[in-house]
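The structure appears below as structure tokens.
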Amino acid sequence: MGKNWWKMPLGFALMFVVLSGMLFLALMEYADRALFRLEVQEARGRGAELRGFLDYQAAQLDLLCIDWANWDQAYRFVLGGELSFEEENLNLMSFENANLSHAAFFTKGLSVRWHGRYIRGTKWLAGCSGEEISLFKELLARSYKTGYSRGIVSLDNQIYLMAARQIRDSDSKLPMAGWLVLTRPLPEVKEMRGVVPGLIEISPIPRARERSPHRDPKDAVSIVPISSSSLDIAALLWDPLGNPVAEGHIRVDRWIAREVRELMGRVLLGVALLGLGMCTGLIMWHRTHISEPLQGVYEKVAQMTASGNLEMLSLESGELEGIVKAMNSLISHAKGVERRAAMEAGRTRDILDGMDLMVALCSPDGTISFANRAMASLFRDLPSLTGTRFWDLMDHQDRERVREQFLAAGEGKRPLLRVHLRSRRTSLVINMSPIKSPKAKGEVMVLCRATTASLPPGVFA
């Protein structure tokens with residue numbers, strides 16, 4: 001105890017630190033999950049903002065498409081009755097001022113009346129490719145009932161805003177004669193970043209990755225944690241046909257989570273300092289109030305054990321008061337037991353001394369620890385029977401037989417035998433039985449009765 005007095009308070013302090021650390025980690029995990037859910041909601045909100053912004057831009061292009069599609073000149077041009085519309089209106093200046101990329105006129109039967117593509121930097125118009133014309137026709141076929149279509153499309157691995165309108169004569173209210181399709185490049189990322197913070201780029205999805213047109217809100221935004229302080233968002237963008245054609249990559253700064261981690265780190269430092277102070281306080285308190293007083297109790301008990309003199313403990317200590325009271329109660333009980341045992345032992349010896357039978361109590365090795373008066377009177381010529389082996393009192397020729405029977409009695413048997421004491425001119429009927437008592441510890445009681453009946457002739461000659 002004197003060498004290991006510091007282990008108990010240190011154990012309590014370590015237990016406090018461990019439990020505090022477990023609580024800290026649990027709170028940190030819960031906070032991180034809660035913040036991640038908030039960040040996921042923010043990421044989905046930014047994806048919705050990006051789609052809403054692109055839809056707004058497509059709506060602006062749709063207004064331009066409505067203006068062009070409602071011209072009477074465009075109506076006659078699609079029907080083939082106006083040949084000057086291409087030269088007067090579909091020129092480089094119109095494409096540049098309206099920031100257009102593609103324009104195409106289709107008849108009511110979706111045959112191409114005119115198509116052109118503006119190549120920036122070269123100041124000239126080129127025809128649309130066959131793949132672009134096919135995509136336009138598919139969009140128009142899907143939009144025949146609604147009469148219009150707008151959104152984003154992927155053309156030649158580039159993303160464009162697209163708007164399509166049926167061509168009508170606004171004055172004469174004639175039926176639809178054909179379709180007009182216009183496209184416009186996406187706004188610059190810097191411009192869109194003012195509306196959607198953290199936008200990195202909008203990249204087309206390869207056709208190998210295109211999936212069936214199911215707009216599941218849970219799959220609309222995929223979130224990839226880049227580090228503990230940032231998230232990358234891939235927001236899916238669909239064309240008017242419902243196919244995913246592009247991904248908007250947005251980066252979200254996890255500044256709340258970073259600040260929470262710094263705050264929790266400070267809390268952890270405070271918990272560690274509190275644990276250190278508690279450990280020091282517990283060690284000092286345990287040493288002055290528990291360890292040293294308890295060591296004094298141990299030393300007093302050791303002295304009483306060595307001397308055999310039981311004395312009541314006197315120790316003034318509030319923390320050990322219960323222990324001292326319990327030990328004093330044990331000492332009082334031990335004193336009482338000792339007195340009762342001495343009285344019972346004395347009473348038993350008095351009873352055995354008054355018996356006519358010869359009685360001897362022997363240890364497991366045969367040494368006599370008590371002999372009553374009857375046995376002492378038979379061997380009165382011996383200085384003392386105590387300390388003598390019982391079979392050594394017999395004649396030489398009978399000692400081995402008595403010893404064997406005595407050892408058998410120690411193993412639980414009850415031998416009964418007759419032995420002749422020739423020098424004392426008597427015979428003994430000896431009964432040996434083990435004493436079944438926890439305090440006896442293997443002792444054997446020997447009862448002897450002297451007799452002279454049926455003696456063989458010449459035994460004592």
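Just so you know, residue 1 is the first one in the sequence shown, and it goes up from there.
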Open item on the list: For the backbone of D365 and the side chain of R389, can you confirm whether one donor and one acceptor N or O come within less than 3.5 Å of each other?
Closed with: yes

Open item on the list: Using a 3.5 Å distance criterion without hydrogens, assess whether the side chain of R165 forms a donor-acceptor pair with backbone atoms of L182.
Closed with: no

Task: Cationic N near anionic O, under 4.0 Å, E49 to R46 - done: no

Task: All ring pair (Phe, Tyr, Trp, His ring centres under 6.0 Å) counterparts of F53, not counting sequence neighbours - done: none

Task: Side-chain donor/acceptor of W71 to backbone N/O of D67, under 3.5 Å - done: yes

Open item on the list: Any heavy-atom pair between the side chains of L139 and D239 that's under 4.5 Å?
Closed with: no

TODO: Without swapping roles, check the side chain of Q166 against the backbone of T146 for a donor-acceptor pair under 3.5 Å.
DONE: no

Going by atom type alone, with no hydrogens or angles, which donor-acceptor pairs under 3.5 Å involve a side-chain atom of residues 96-108 and a protein atom two or more places apart or on another chain?
| unit_1 | atom_1 | unit_2 | atom_2 | d |
| --- | --- | --- | --- | --- |
| E96 | OE2 | Y118 | OH | 2.6 |
| E96 | OE2 | K123 | NZ | 2.2 |
| N97 | ND2 | M93 | O | 3.2 |
| N99 | OD1 | R120 | NH2 | 2.4 |
| H102 | ND1 | T183 | OG1 | 2.8 |
| H102 | NE2 | E132 | OE2 | 3.3 |
| T107 | OG1 | S111 | N | 3.2 |
| T107 | OG1 | S111 | O | 3.3 |
| T107 | OG1 | S111 | OG | 2.4 |

Open item on the list: Donor-acceptor pair, distance only, cut-off 3.5 Å: does the side chain of S369 make one with the backbone of L361?
Closed with: yes

- [ ] Examine distances only and state if a side-chain atom of R113 and a backbone atom of F77 form a donor-acceptor pair shorter than 3.5 Å.
- [x] yes

Task: Side-chain heavy atoms of P240 within contact of R142, under 4.5 Å - done: no

- [ ] Would you indicate whether the side-chain heavy atoms of E247 and H249 approach each other to under 4.5 Å?
- [x] yes

